[in-house]
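Everything quoted here is computed from the prediction, not taken from an experiment. Proteins get letters first, then strands, A, B, ... in listed order; numbering begins at 1 in each.
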2 protein chains.
Amino acid sequence: MARIVMKFGGTSMAGIERIRNVARQVKREWAKGEQVAVVVSAMSGETDRLVNFCREASPLYDPKEYDVVVAAGEQVTSGLLAIALQAIGVPARSWLGWQLPIRTSDAHASARIATIDTDALDASLAQGEVAVIPGFQGQTEDGRVTTLGRGGSDTSAVAVAAAMKADRCDIYTDVDGVYTTDPRIVPRARKIGKITYEEMLELASVGAKVLQTRSVGLAMKEKVRVQVLSSFGDPDQEPTPGTFVVGEDELRDEIGDSNVEQQLITGIAYDRGEAKITLVAVPDRPGAVSSIFNPLAEASINVDMIVQNIAHNTGSTDVTFTVPGAELARSLDVLEKAKATIGYEKLISDPEVCKISVVGVGMRSHAGVAATMFQALAARGINILAITTSEIKVSVLIHQDYTELAVRVLHTAYGLDADDAA
Amino acid sequence: MARIVMKFGGTSMAGIERIRNVARQVKREWAKGEQVAVVVSAMSGETDRLVNFCREASPLYDPKEYDVVVAAGEQVTSGLLAIALQAIGVPARSWLGWQLPIRTSDAHASARIATIDTDALDASLAQGEVAVIPGFQGQTEDGRVTTLGRGGSDTSAVAVAAAMKADRCDIYTDVDGVYTTDPRIVPRARKIGKITYEEMLELASVGAKVLQTRSVGLAMKEKVRVQVLSSFGDPDQEPTPGTFVVGEDELRDEIGDSNVEQQLITGIAYDRGEAKITLVAVPDRPGAVSSIFNPLAEASINVDMIVQNIAHNTGSTDVTFTVPGAELARSLDVLEKAKATIGYEKLISDPEVCKISVVGVGMRSHAGVAATMFQALAARGINILAITTSEIKVSVLIHQDYTELAVRVLHTAYGLDADDAA
């Protein structure tokens, strides 16, 4: 007997027909004798509807009351799934955030899960009942409703899995796993069988939005084995395995150390959501860089890639960096105001950039990864505007027009293309 | 400073524009320095939507989970009203059923309120905060969500008013008070200024559906002064007084004993929802009547008016009674099956009947009320099929075709017509 958490998103819960389908998938696992907790999202569109109500009621809505309103969406689907399960002979009950309880911080609308009490849950599971738990919600120490922020249901699922020491947390989605890159760009992209938390984090944060980043971080911290798989198969049949997100140990145990190192690159991601800013001729003196980034940090603007060119002989230097595209206007405003303090000559910005990242735990022990990347891009005449690296990732900034070409070239260069795909 | 409860139904909460309007009405009372608790329904149509989800998920849905689903409707409007109040400078917070808590019986989907803890509520009101409380919901002793049954929000409002010892419970509705009869039938119907709980119960249960019957019974038991008034006036202006539902003491104190007796009849109600059944030639022996009504009671069919004619010389009698129209088919089925036991000759039924009731506390001390009624109806050739009386009510059953005529004739006969109306 295993303990598993199954998580279904809004698309899977959109309407009674689909909820019935989810119930059959849950029954399939329950019928094997597994102890099953199900974490559900609101019906797709419902959270938007509720959020819009709050905004309409007041653009400066109280996040405490916002949480009361939007938590209702998952409450509804939890009750409905429990009913649908009972209808096909599976004993089930819903456990709302305040009933378990799931205790969170009091950062309303973006709370963090602190503890989950599993006494009642354990007793219910031991009786063979399926527990249906609304994702996204919890309560504060003093008993007020909280929500975790958009997409929080993945995080709820992982947190529940950690608390009940589940053997596996299956996240059912509208894709059947994590791919080596976006299959819309590279038809020969392959589904990844196993990926480490670290790789998943890098892929997720740069654009492969299959799992919420926070949930992956939590899974890594709590060592929860997560599987991403498709919710669209025949609900009564064993599903096609998806992608397992696991610790590096498990990966090494399974495919062997040498293979991990050989399989240098796990995937290639791209992100068109950033914009590039260059400050021309910044005085080359101590404190110059902080005079740029302090005001941006104060305005809560995340700066990503930073490149500082070698100083000109003139005693000044150019500083290039990226910010989220949506923050570009605000960033420029902040920098204009700080012009005197920073002392730059000119401000250039470009929203038409794309960040391409190659990710893989294997690259730690292999120096040639970046070289392969630069070579492959240069061979196609793709100019690199900025570079950043981490232990398991190399990212380059290029012009947006080259996005597809760059992804395709790199996918081939790292030997990721599937043999049999079209 | 007074303590008041204001209750708003689904029509008043249907959409943000209307919720803002409600917020202004609440602010008007709060600005006087009153301590205000507001009880709200779900947006109109929302409860139906949620109930339909449950039915679709399973016709035999678990009422425990049904309660989880449908309670979400009032949760949403509570949060939204709190936001709308804050937006116009009124400190406010929502208190969900489980947060106060409002403890109920565990009869899910039709629970009864047991106790309401007001410690937290009192503290909040004392700080000048408006408390927004979802109607219709509560929780069981062991922490599961309950609902009170359809229309339960009136009952919630009265229960909250009783628990917080409110000076008044204002029920805002789409009518501006209780009328002497249906104004669609009698344009000269008058709005009643004060009516006793007992009269209101009789009027409500026979068709004047302004307040939920259960809420009136609770108000009577807890001595809560209820006002029914319109929610459609200018929200910033003092509203036109509606109808106060009060104890007989208050009525007598205000208008004087002699006036109470003089004002024989308070209102005239009608109910087309019943059906008449006659059992012809039932053996006139002890136990005959119970052999008819026992099987009906076992089938949970409410029998209302009962008339037993004088025994024929043949040693048999005819028994006539009414049942809810919706239960007619089931009643006939029960009676057919019990034919041998009862020993009647023939079964006649007629769904085309109407019950007309004249109601008034003053009639207790006046014998002529029924005589006036029979006379007035006879003068128009309206045949009376059955009669029942209570201390404050005389009801007759007539053919449905005569409904409007009978109501109009009686309204005039008892001097209820307004002088100035069209």
Next item on the list: Go through the atoms of B:Ile88 and report whether side chain, backbone, both or neither lie under 4.5 Å from a heavy atom of chain A.
Entry: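 No part of it gets close to chain A.
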Check: Considering heavy atoms only, which positions within residues 5-39 of chain B lie below 4.5 Å of chain A?
Finding: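 From residues 5-39 of chain B, the residues near chain A are B:Ile16, B:Arg20.
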Notebook entry, point to check: How about residues 137-147 of chain B versus chain A: which residues have heavy atoms under 4.5 Å apart?
Noted result: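 Only B:Gln139, B:Gly143, B:Arg144, B:Val145 of residues 137-147 of chain B have a heavy atom under 4.5 Å from chain A.
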Notebook entry, point to check: For chain B, which residues of residues 127-135 of chain A have at least one non-hydrogen atom nearer than 4.5 Å to it?
Noted result: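 Within residues 127-135 of chain A, no residue comes under 4.5 Å of chain B, counting heavy atoms only.
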Notebook entry, point to check: If you check every heavy atom in residues 51-76 of chain A against those of chain B, which residues fall under 4.5 Å?
Noted result: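 Residues in range: A:Phe53, A:Cys54, A:Glu56, A:Ala57, A:Ser58, A:Tyr61, A:Asp62, A:Glu65, A:Tyr66, A:Val68, A:Val69, A:Ala71, A:Ala72, A:Gln75, A:Val76.
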